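Order of the sequence lines fixes the chain letters, A, B, ..., with proteins taken first and strands second; residue numbering starts at 1 for each chain. Because the structure is a prediction, the values reported are computed rather than measured. Atoms considered below: every heavy atom in the structure, side chains included; atoms not considered: hydrogens, waters and symmetry mates.
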Amino acid sequence: AQKITQTQPGMFVQEKEAVTLDCTYDTSDQSYGLFWYKQPSSGEMIFLIYQGSYDEQNATEGRYSLNFQKARKSANLVISASQLGDSAMYFCAMRGPDSNYQLIWGAGTKLIIKP
Amino acid sequence: EAQVTQNPRYLITVTGKKLTVTCSQNMNHEYMSWYRQDPGLGLRQIYYSMNVEVTDKGDVPEGYKVSRKEKRNFPLILESPSPNQTSLYFCASSLGHGGGYTGELFFGEGSRLTVL
């Protein structure tokens with residue numbers, strides 16, 4: 001069965017520093033998608049970045065990049081030059097045939113950026 | 001603008017009074033889904049739909065109904081709401097066949113429901 005593990009319940013990071021949020025996954029699928037979502041205190045779910053299992057290059061979206069290490073089943077989110085507005089919950093998720101294409105969620109990491 | 005629209009965004013109701021939370025997407029997505037989010041429990045899937053007239057139960061379907069008569073709409077129906085259905089609800093959609101069902105989910109803004 002598919003599983004997502006986020007080992008960091010919470011993190012404090014100084015503003016302007018880079019931050020890495022960890023995510024490991026377990027699946028027997030060959031074709032799957034990996035995602036990161038941000039949920040600020042206002043509650044909405046904001047899509048950040050997507051990595052397909054067959055994508056050879058790491059995904060990047062502005063200050064967000066996904067460090068995809070397929071052999072290690074790792075999909076860490078890297079935020080460069082953190083900002084106060086980055087303070088939020090961050091969820092890693094995946095979907096593929098093994099879960100009947102339903103999203104499997106990690107427990108989330110609460111990121112707090114210190115001024 | 002591509003979006004998923006949920007209504008109402010906020011609702012306070014009383015036990016037993018039927019209500020419907022609407023969800024509409026304008027991206028021609030085949031796949032749609034409903035989640036609830038509760039403190040400490042993360043997001044849990046209620047129902048999902050792989051295409052029109054195709055729906056299936058998620059992890060917590062009890063007390064909820066859905067229908068998918070048109071591609072763009074996926075309403076969530078609470079026939080007889082109870083206080084344990086007080087939660088933050090999200091509707092989401094994604095490509096289906098065209099994206100291999102592995103593409104990103106686009107979320108609505110959430111509906112905060114309180115049942116007294």
Side-chain angles (χ1 to χ4, degrees), chain A residues 1-6 9-10 23 25 27-55 59 61 64 66 68 70 75 77 88-110, chain B residues 2-6 8-10 23 25 27 29-51 54-61 87-114:
Chain A
Q2 294 183 329
K3 186 179 178 182
I4 292 279
T5 302
Q6 293 181 254
C23 173
Y25 61 94
T27 183
S28 57
D29 289 333
Q30 298 301 309
S31 175
Y32 52 89
L34 293 156
F35 316 88
W36 279 92
Y37 287 88
K38 172 184 178 181
Q39 187 176 38
S41 57
S42 50
E44 70 268 29
M45 293 292 287
I46 302 168
F47 166 72
L48 294 178
I49 198 164
Y50 166 80
Q51 181 86 39
S53 58
Y54 290 119
D55 294 340
E61 291 285 349
Y64 305 106
L66 199 151
F68 181 45
K70 194 170 182 177
L77 176 71
M89 279 291 288
Y90 289 81
F91 293 96
C92 180
M94 72 177 297
R95 67 191 301 203
D98 197 23
S99 65
N100 195 29
Y101 303 102
Q102 307 318 304
L103 225 62
I104 305 299
W105 295 89
T109 296
K110 187 174 178 93
Chain B
Q3 59 185 3
V4 178
T5 304
Q6 295 178 227
R9 295 285 315 282
Y10 302 91
C23 175
Q25 50 91 7
M27 295 169 278
H29 284 167
E30 290 96 345
Y31 177 91
M32 297 186 76
S33 180
W34 276 103
Y35 294 89
R36 62 178 287 175
Q37 187 178 29
D38 303 290
L41 295 177
L43 282 112
R44 296 181 291 168
Q45 190 178 47
I46 304 170
Y47 270 95
Y48 64 95
S49 170
M50 303 290 266
N51 213 326
V54 180
T55 63
D56 213 340
K57 295 177 181 178
D59 299 317
V60 288
S87 188
L88 176 61
Y89 290 87
F90 288 102
C91 179
S93 73
S94 78
L95 284 172
H97 294 293
Y101 289 101
T102 57
E104 64 268 35
L105 260 64
F106 294 82
F107 280 81
E109 293 180 299
S111 296
R112 203 169 283 278
L113 172 66
T114 301

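- Taking CG from B:Asp56 and CG from A:Asn100, the interatomic distance works out to 7.0 Å, rounded to the nearest 0.5 Å.
- The OH atom of A:Tyr101 sits 11.5 Å away from atom OH of B:Tyr48, with the distance rounded to the nearest 0.5 Å.
- With a 4.5 Å cut-off on non-hydrogen atoms, B:Glu104 touches chain A through its backbone and its side chain both.
- Only the side chain of B:Leu88 comes within contact range of chain A, with at least one heavy atom under 4.5 Å from a heavy atom of that chain.
- Other residues, nucleotides and ligands place no more than 12 heavy atoms under 6.0 Å from the NZ atom of A:Lys110.
- Here the side chain of A:Tyr37 pairs no donor or acceptor atom with the backbone of B:Phe107 at under 3.5 angstrom.
- Relative orientation of the B:Phe106 and A:Phe47 rings is tilted, given thresholds of 30° and 60° on the angle between their planes.
- Heavy-atom distances place the backbone of A:Tyr32, and not its side chain, under 4.5 Å from chain B.
- Rounding to the nearest 0.5 Å places CD of A:Glu44 at 11.5 Å from CD of B:Gln6.
- More than 12 heavy atoms of other shown residues, nucleotides or ligands fall within 6.0 angstrom of atom CD in A:Gln102.
- Summarising the local packing, CZ of B:Arg112 is surrounded by 12 or fewer heavy atoms from other residues, nucleotides or ligands at distances under 6.0 Å.
- Interatomic distance, CZ of B:Phe90 versus CD of A:Gln39, reported as 5.0 Å (0.5 Å rounding).
- Rounding to the nearest 0.5 angstrom, the gap separating the CG atom in B:Leu105 from the CE atom in A:Met45 is 9.5 Å.
- No part of A:Asp29 comes within reach of chain B, as not one of its non-hydrogen atoms sits under 4.5 angstrom from that chain.
- Separating the CH2 atom in A:Trp105 from the CD atom in B:Gln45 is a distance of 10.0 Å, to the nearest 0.5 Å.
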